[in-house]
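Written below as structure tokens is the structure these notes are about.
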Amino acid sequence: MEAITRTRNAKVRKVSDKWSTNEGIDRISKLPDSILQHILTFLPTRDAVGTSILSKRWEHLWMSITSFVFCMPCELIYKRDLFMNFVERVLMLRDSSDIKYFALACDVLCDASRINTWILYALQHNVRKLFLALCGLLDAHTFPPCLFNCDSLEDLTLEMSHSTQKMGRVLKLPRSVCFSSLKSLYLKYVTFEGDYSTKRLFSGCPVLENLTLALCKWENVEAVCISAPMLRNLTIYETENRDNCQKLIFGTSLQSFVYIGGLLSDYCFYDSTSLIKAYFDVGCGSFITERATRHRGDAYRANKLLRGLSHVKNLALTPYTLKVLTYAEEFIACLPVFPNLIHLEFHAEPMDFACGTLLRLLQNLPCLSSLAFAEGICLSTYCEKTDWRLAPVPPCFTTRLKTIKICNFCGTEGELHVVKNLLKDATTLEKMVISCSLVKFSVGSGRQKEVREQLLMLPRGSISCVIEIS
Amino acid sequence: MKFCAVKQYFDDENNNNITSGASTTMIPLPNVESHPLAILITYCKKHLKIKANNADNKKETEKEMEQYEQELLKKVMPQELTELILAANYLNFKEALDFFCRAVASAIQNKSIEFVRKFFGLESDFELGEEEKLREEFAWSFEGVDED
């Protein structure tokens with residue numbers, strides 16, 4: 001029995017153990033070509049093409065593959081020639097069938113025209129899904145113009161960066177842009193060229209449904225209108241760079257909006273009544289360092305964006321986002337009302353109930369039915385004689401609020417005080433779900449039992465309320 | 001109905017206006033052995049059962065199905081895998097076909113050619129030097145494969 005050193009896929013190890021004890025018996029040749037080719041579709045491109053060497057029968061089987069993933073890991077830069085030759089030979093030798101999926105992740109360096117040839121090949125074979133993650137682009141890189149006029153393309157991912165510094169590269173667009181079938185577009189590290197160019201891009205996507213702009217740069221653009229008649233999902237990840245670009249979002253069909261970034265530029269919604277859910281996280285994202293000082297401008301922009309989300313049914317915020325709003329007090333007084341909001345949740349950090357903005361916000365959610373704290377809660381002003389309470393009690397607490405969920409519960413006095421008040425005031429509450437922190441409560445400790453008992457003993461304003469603790 | 005070939009048989013029968021009492025009709029399946037057929041029937045039943053149990057929760061369905069598939073792979077004899085694939089293909093049972101093909105693919109992924117040949121019971125029928133040429137042509141395929 002050979003010792004197999006691979007650690008992943010234990011189930012596979014079992015199969016290959018048994019197979020190797022029956023050496024010499026040809027198990028595979030009675031399968032027809034079509035099935036062997038079907039097996040190849042489950043292999044990474046490298047391995048599928050490698051089967052060419054197994055025997056004469058296998059030499060040409062791989063050539064009917066329609067999905068290609070060519071990935072050159074950065075550490076293997078000294079093997080770059082092997083990789084480049086490989087891609088070229090594969091594209092040259094395969095049959096002439098259409099390509100469903102073409103993915104290329106590598107350094108461009110001096111091979112821009114070679115790589116453009118490959119992209120052209122994919123386009124000429126009616127590629128439907130194209131993924132390009134290109135590093136080491138030179139400044140004036142131009143893609144083949146027909147990339148931006150491809151009729152078959154349904155899904156495009158374009159990531160353009162400059163070596164390891166992850167700086168964006170300018171995306172040069174041809175005079176005409178028409179993606180007649182493009183439903184999903186993902187752009188990362190792209191620097192937009194200018195107002196006119198950006199306008200051409202977005203108006204050239206008539207059936208676009210999903211748009212993600214990750215770490216893109218807008219310093220060359222004064223104003224951009226992100227609009228597509230069928231746009232359903234818009235996701236924006238940004239950095240801390242101020243770019244003075246006004247962004248107007250036409251949301252006539254928009255259903256979902258995600259923003260994670262420093263919010264250093266102006267976002268304005270025009271008609272966002274179709275929005276169903278939104279996730280809004282200002283600063284304190286995973287790749288943004290916390291700013292030492294926030295300005296009124298930040299509060300203004302946050303408020304403006306929040307206003308554009310006022311029709312949603314489902315909203316996710318972070319505690320820090322609420323904090324940003326407080327940098328201009330006049331905005332707290334006129335926080336928008338969310339007439340359709342049913343579900344509100346908080347992410348990234350524990351929600352501090354001492355935050356006045358939270359209570360103010362809750363007042364403006366007349367239909368709130370479900371409230372969740374994914375990273376838990378806290379009460380920073382807690383002391384033994386605290387008189388903190390929910391004052392005034394938000395209207396939804398006595399009319400609509402049915403479920404409260406608190407994760408990462410640590411059982412501190414402050415938290416218990418908050419839970420006590422929530423239970424007391426939420427008179428229509430049906431369920432309070434508390435999920436204890438795995439870190440704070442080691443398995444089997446008596447502490448969890450203690451806290452559990454304390455929670456179950458708390459008086460409940462709603463008779464039918466059930467408390468679930470895990 | 002999962003076994004599309006069988007469904008086709010029923011459809012054809014109805015078209016010929018022959019009343020088919022489903023419980024007593026004998027459907028000829030000349031290309032399927034009884035043992036792989038039994039395994040496929042069990043797989044199909046299990047799949048439908050898991051789907052029914054987790055009607056709303058797609059993630060749970062997938063998770064349970066994965067667990068069942070792992071258990072099944074431990075019990076399946078290697079000689080049967082080819083038979084199972086052939087049977088699933090004949091019966092036009094897509095989920096089972098994909099599953100068993102995926103299992104074979106996982107077994108040979110990132111392995112050396114010698115390993116894969118042994119695995120399949122294949123012998124190289126290339127002329128001297130032909131294989132070397134291919135190896136050179138697709139050198140990238142053989143970079144960093146697992147040790148046998």
Side-chain angles (χ1 to χ4, degrees), chain A residues 2-6 8-32 34-36 38-59 70 72-73 76 79 81-87 89-90 93, chain B residues 66 69-83 85-86 88-89 97-127 130-148:
Chain A
E2 328 178 288
I4 295 167
T5 53
R6 242 177 17 160
R8 61 185 163 132
N9 251 335
K11 62 174 179 182
V12 161
R13 201 186 315 172
K14 286 283 177 236
V15 176
S16 29
D17 276 356
K18 282 185 266 178
W19 279 61
S20 47
T21 52
N22 290 313
E23 294 181 16
I25 306 171
D26 184 346
R27 280 180 272 276
I28 201 82
S29 299
K30 65 157 117 179
L31 292 177
S34 58
I35 294 193
L36 296 181
H38 192 60
I39 294 177
L40 291 181
T41 61
F42 295 105
L43 280 171
T45 305
R46 260 179 48 153
D47 293 312
V49 173
T51 61
S52 184
I53 292 194
L54 285 176
S55 73
K56 284 207 162 129
R57 183 185 176 197
W58 285 80
E59 195 181 342
F70 296 112
M72 200 192 74
L76 292 179
K79 301 266 181 185
D81 277 346
L82 288 183
F83 173 78
M84 303 294 274
N85 290 336
F86 177 75
V87 177
R89 290 215 66 82
V90 166
L93 290 172
Chain B
E66 252 184 67
E69 284 174 353
Q70 290 209 20
E71 286 303 315
L72 183 61
L73 272 180
K74 288 183 195 158
K75 293 185 216 145
V76 164
M77 291 303 291
Q79 297 91 312
E80 294 174 323
L81 213 53
T82 314
E83 297 297 333
I85 291 180
L86 278 170
N89 185 49
L97 179 63
D98 282 354
F99 166 56
F100 291 117
C101 286
R102 230 183 304 129
V104 173
S106 303
I108 62 172
Q109 189 167 323
N110 211 36
K111 291 295 194 195
S112 72
I113 285 298
E114 288 75 25
F115 177 91
V116 179
R117 278 205 191 115
K118 223 186 244 176
F119 189 85
F120 285 150
L122 280 174
E123 295 244 348
S124 166
D125 50 356
F126 284 115
E127 302 282 330
E130 271 185 349
E131 189 184 314
E132 277 312 307
K133 230 177 96 193
L134 279 170
R135 256 192 206 277
E136 216 183 286
E137 216 176 304
F138 299 122
W140 178 257
S141 285
F142 311 109
E143 271 300 309
V145 291
D146 287 353
E147 289 185 10
D148 286 351

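Basis for what follows: all heavy atoms, side chains included, without hydrogens, waters or symmetry-related copies. First the proteins, then the strands, lettered A, B, ... as listed; each starts at 1.
Residues B/Leu122 and A/Ser29 approach most closely at CD2-OG, 3.6 Å, considering heavy atoms. Contact record, A/Phe42 with B/Ala105: CB-CB, 3.6 Å, taken as the closest heavy-atom pair. The minimum heavy-atom distance between B/Glu123 and A/Ser55, with the atom names listed, is O-CB, 4.0 Å. The two residues B/Cys101 and A/His38 come nearest to each other via the heavy atoms SG-CD2, 3.6 Å.
Side-chain contact between B/Phe126 and A/Glu59 is present, with heavy atoms from C-beta onward closer than 4.5 Å.
Counting heavy-atom pairs under 4.5 Å between each of B/Glu137, B/Arg135, B/Glu131, B/Glu130 and chain A puts B/Glu137 at the top.
Checked by atom type and distance alone, the side chain of B/Asp125 pairs as donor or acceptor with a backbone atom of A/Lys56 at under 3.5 Å. Looking only at distances, a side-chain donor or acceptor of B/Ser141 sits under 3.5 Å from a matching main-chain atom of A/Arg46.
Taken to the nearest 0.5 Å, the CG atom of A/Leu54 stands 10.5 Å off from the CG atom of B/Leu134. Interatomic distance, A/Leu82 CG to B/Phe138 CZ, rounded to the nearest 0.5 Å: 13.0 Å. With rounding to the nearest 0.5 Å, the separation of CG in A/Leu31 from CG in B/Leu86 is 5.0 Å. Annotation: the span from B/Ile85 atom CD1 to A/Ile39 atom CD1 amounts to 4.5 Å, rounded to 0.5 Å. To the nearest 0.5 Å, atoms CZ (B/Arg117) and CD1 (A/Ile53) are separated by 7.5 Å.
Contact of A/Leu36 with chain B is not made at all, since no heavy-atom distance falls under 4.5 Å. Heavy atoms of B/Glu71 lying under 4.5 Å from chain A are absent altogether. If you measure heavy-atom distances from A/Ser52 to chain B, the contacts under 4.5 Å come from both the backbone and the side chain. When heavy atoms are compared at a cutoff of 4.5 Å, A/Leu93 approaches chain B solely by way of its side chain, counted from C-beta outward.
Scored by the side chain to side chain donor-acceptor pair (under 3.5 Å) test, B/Glu136 finds no partners at all (sequence neighbours excluded).
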Original post:
Where do A/Asp47 and B/Ile108 land on the side chain to side chain contact (heavy atoms under 4.5 Å, CB included) test, with the steps shown first?
Top reply: CA-CA 8 Å; A/Asp47 293 312; B/Ile108 62 172; over 6 Å; no
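Below 30°, between 30° and 60°, or above 60°: for A/Phe86 and B/Trp140 the angle between ring planes is between 30° and 60°, a tilted geometry.
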